[in-house]
Structure formats: C-alpha cells, structure tokens
Protein chains: 2
Amino acid sequence: MFSQTVEYALRAVVHLAYQAEVPQTTDQIAAATRVPKAYLAKVLQQLCQANIVQSRRGMGGGMWLARPPGQLTILDVVNAVDPIRRIRHCPLGLSAHGVRLCPLHKRLDSALAAVEDAFRSTTLAEILAEPNTSRPLCDVAWALPVTTKT
Amino acid sequence: MFSQTVEYALRAVVHLAYQAEVPQTTDQIAAATRVPKAYLAKVLQQLCQANIVQSRRGMGGGMWLARPPGQLTILDVVNAVDPIRRIRHCPLGLSAHGVRLCPLHKRLDSALAAVEDAFRSTTLAEILAEPNTSRPLCDVAWALPVTTKT
DNA sequence: GACAAATTGGATGTCAAGGTCCAATTCTCG
DNA sequence: CGAGAATTGGACCTTGACATCCAATTTGTC
C-alpha cells in the first residue's frame with residue numbers, strides 16, 4: 001500500500017539519523033539500506049529538494065539530515081517522495097455536491113487521515129529511541145562495514 | 001493509496017446494495033458508477049469468485065449481492081480485489097530477527113492495521129444508512145436512467 | 001592544474017496495473 | 001429449437017512506477 005519509494009526514503013533517512021557525524025555517500029547508504037544504488041540516488045535528490053537532507057558534491061561529500069531527528073516526522077519524508085493523496089472531492093467527478101463527500105468516500109478518506117495523523121505524530125527520534133525491540137533497518141546497517149576503505 | 005480497482009469494486013457493491021431487487025447487468029452498473037464497462041466486468045468477476053456477488057448469465061441475468069449489506073464489510077470487498085498487504089517480516093529480507101519488526105516497520109504496519117480495522121468495522125449497511133449527508137455514489141446513480149430501454 | 005570522488009541530470013529499459021476488444025459460452029424467452 | 005441477452009475468458013494495448021546506465025558537473029587533494 002505504501003510505495004517502494006517511500007520505503008526506500010524512510011530507510012535512507014533512518015540511516016542518516018544514525019550516522020549523523022559525517023556525510024554519507026550514496027554508496028554507503030545503498031549498502032546499509034539494501035536499496036538499488038542508482039535508484040536511491042534519485043530518491044535522495046527528491047529528499048534534497050524537499051529540504052529533508054542536504055548534500056555536498058565532490059570528495060568528502062555526501063548526504064546528511066537537514067534537521068535534527070526530533071524535528072523530522074515520517075510524514076515529512078512521505079510527503080517529500082510520494083504524498084498521501086487525500087480524497088478531497090467526489091472521485092466520480094460530480095461537482096454537484098461541492099466538497100461534501102458521500103459516506104463511502106468519507107470512510108475511505110478518514111482512513112487516509114488516520115494514516116496521515118499517525119505519520120505526523122511520529123518523529124525520527126522516537127523511532128531511534130524505541131525501547132525493547134530490534135533496531136531500525138533490522139541491524140543490517142551495523143553488521144555491514146560502513147566506513148571501510150582499502 | 002488505494003488502487004483504482006478497489007475504488008471501482010466498492011462503487012459497484014454500493015450500487016448493488018441499492019438495487020437489491022433485480023439483477024443488475026454490467027452495463028447498468030458501469031453507467032451508474034461511471035466505471036469503464038470492460039474493466040468493470042473483470043472486477044466483478046473477482047467479486048464473484050470471492051463470493052461477494054453472485055451472477056446469472058443470459059437474458060434477465062446480471063449481478064447481485066451474495067449477502068445482505070449488514071454482513072458485508074468494506075474489508076471484505078477490498079480483500080477480494082486488492083488485499084491490504086500487512087508487513088509481516090522485515091522488508092530488508094533479514095531473517096535474523098525472526099518475526100520481530102524494527103521500530104520503523106512496526107509503525108508502518110500499525111498504520112496498515114488501523115486501516116484494516118477501520119474497514120473491517122464498517123458494513124455496507126452503515127454506509128447506506130449514514131444520516132445527514134449526500135448519498136453514496138454522490139447521487140449520480142439516481143440522476144441517470146438506470147432501467148431505461150427504448 | 002590534474003586527478004579522483006562524489007552528486008546531478010537525462011535517456012532508456014522493464015514490468016505490472018489499468019483498460020480495451022472480441023470470441024466463446026450460457027441462459028431465458030418466444 | 002433458435003435468437004438474443006448476458007457473463008466469461010483470452011489476447012492485446014497503454015501508462016506510470018521502479019530501475020539502470022552514462023555523461024556532465026562540482027569539490028577536495030596532491
């Protein structure tokens with residue numbers, strides 16, 4: 001139900017939240033999050049334009065979070081790459097009823113609203129701090145060499 | 001976020017709930033719900049196989065609901081054509097953690113669960129009976145000639 | 001300045017969802 | 001029975017999401 005792109009963007013952002021010290025290259029993020037490198041680059045560009053992450057080119061460059069994790073919600077990330085499309089008017093195209101939705105679409109839309117709210121009220125910081133569970137990215141990131149260079 | 005197919009299936013089922021008396025042909029349903037006729041036929045077949053609607057061929061044939069609207073939930077319809085895919089194990093493919101999800105995917109999945117619950121707890125009958133709003137299908141069905149035949 | 005490391009942008013490929021079309025089948029009615 | 005009404009099933013087309021590849025650009029280091 002959520003697009004691959006959303007999944008990828010969230011993984012990338014979680015990784016960046018952990019590696020806050022130094023800019024992460026696309027290669028590093030791709031390896032840690034198991035996302036196809038070339039496509040990840042596109043997704044990161046979108047996050048860049050939405051001012052979720054910042055980037056620097058050239059040697060020593062890479063990506064990092066534009067804000068502290070406590071000020072970055074899941075919804076911010078989702079909206080940057082694949083916004084939740086709320087139902088704002090009748091999908092049948094009839095403008096006869098103005099903005100009022102019929103009961104069917106009101107239910108559908110309120111389900112969307114619930115998702116939106118859940119995402120809006122969860123910051124990255126909360127995800128990182130969650131107690132009593134396995135770590136985000138399923139510990140994959142930490143089992144892999146992240147800064148290794150021969 | 002919900003597929004077109006889900007939208008079409010729900011419209012069709014709502015229409016059938018209103019026209020409970022007599023079998024509705026694909027043409028009639030398509031006209032009332034503004035869904036492409038040929039594609040609607042495919043969707044209706046899926047609903048048929050899932051035992052949501054029943055059909056009869058030949059003259060006087062058509063489609064009708066297999067159960068009373070009070071015993072048919074939105075979730076039933078959704079699951080018949082495009083089931084909600086809950087997140088049951090780490091999308092990164094690591095089986096190292098067994099079934100336990102990391103905090104990130106736990107949040108995503110619980111959003112899916114919320115949608116599923118909302119859909120499970122809403123019957124067609126409730127949608128038809130909703131007070132104080134415009135009617136399902138945005139009254140389009142009632143403005144169109146449904147049984148007209150020259 | 002030259003080289004290597006990194007992002008950026010454009011062109012292209014692949015695949016499933018959405019959509020169309022037509023022939024085959026099944027049913028009812030006269 | 002036969003004709004017409006309707007579903008059923010298969011083949012096909014189109015489009016956007018996902019993904020890949022390569023050239024251009026920017027940046028740091030020697």
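Lettering of chains follows the sequences in order, A, B, ..., and the numbering in each one begins at 1.
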Task: Phosphate-side-chain proximity, B:Thr25 and D:dA6, N/O vs OP1/OP2 below 4.0 Å - done: no
TODO: Check the distance between D:dT7's C1' and B:Leu16's CG and give it to me in whole angstrom.
DONE: 14 Å
TODO: Figure out the CZ/P separation between B:Arg85 and C:dA16, and round it to whole Å.
DONE: 13 Å
Task: Presence of salt bridge, B:Asp117 and B:Arg120, under 4.0 angstrom - done: yes
- [ ] Report the nucleotide, chosen from D:dT7, C:dT7, C:dC21, that has the shortest atom-to-atom distance to any side-chain atom of B:Arg57.
- [x] D:dT7
Open item on the list: If you only use heavy atoms from C-beta on, which nucleotide in D:dA6, C:dT7, D:dT8 is closest to the side chain of B:Met63?
Closed with: D:dT8
Open item on the list: Under 3.5 Å, is there a donor on one side chain and an acceptor on the other for B:Thr5 and B:Tyr39?
Closed with: yes
Open item on the list: Whether B:Thr26 contacts D:dT7 is assessed here as follows: a side-chain N or O lying under 4.0 Å from the phosphate OP1 or OP2. Is that the case?
Closed with: yes
Task: Spacing of B:Leu44 atom CG relative to D:dG9 atom P, expressed in whole Å - done: 13 Å
Open item on the list: If you define the side chain from C-beta out and look only at heavy atoms, does anything of A:Phe2 sit under 4.5 Å from A:Leu10?
Closed with: no
Task: A:Phe2 CZ to D:dA17 C1', straight-line distance once rounded to whole Å - done: 17 Å
Task: Nucleotide C:dG9, atom P - distance to CG of A:Leu40 in whole Å - done: 16 Å
Open item on the list: Closest approach to the side chain of A:Ser55, judged atom by atom: which nucleotide of C:dT7, D:dT7, C:dT28 is it?
Closed with: C:dT7
Open item on the list: When you measure from the side-chain N and O atoms of B:Gln45 to the phosphate of D:dG9, is any distance below 4.0 Å, counting only OP1 and OP2?
Closed with: yes
Open item on the list: With a cut-off of less than 4.0 Å, is there a side-chain N or O of A:Tyr8 near OP1 or OP2 of D:dA19?
Closed with: yes
Open item on the list: Can you see if the side chain of A:Thr5 gets near the phosphate of D:dA17 - specifically, an N or O under 4.0 Å from OP1 or OP2?
Closed with: no
Open item on the list: Without decimals, in angstroms, what is the distance between A:Asp27 CG and C:dA6 C1'?
Closed with: 9 Å
TODO: Rounded to the nearest angstrom, tell me the gap between atom NZ in A:Lys37 and atom P in D:dC22.
DONE: 11 Å
- [ ] Using whole Å, report how far CD of B:Gln54 lies from C1' of D:dT7.
- [x] 14 Å
Open item on the list: Here's a test of your reading of the structure: between A:Gln4 and A:Gly58, which maps to the more 5' nucleotide of DNA chain D?
Closed with: A:Gln4
Open item on the list: As a test of reading the structure: which of D:dA11, D:dC21, D:dT8 is closest to the side chain of B:Lys42, going by heavy atoms?
Closed with: D:dA11
Open item on the list: As a test of understanding, state which of A:Leu72, A:Thr123, A:Leu124 forms a side-chain contact (heavy atoms from CB on, under 4.5 Å) with A:Arg67.
Closed with: A:Leu72
Open item on the list: At less than 4.0 Å, is any side-chain N or O atom of A:Tyr39 found next to OP1 or OP2 of D:dT20? Yes or no.
Closed with: no
Task: Side chain to side chain, A:Arg107 and B:Glu126, heavy atoms closer than 4.5 Å - done: yes
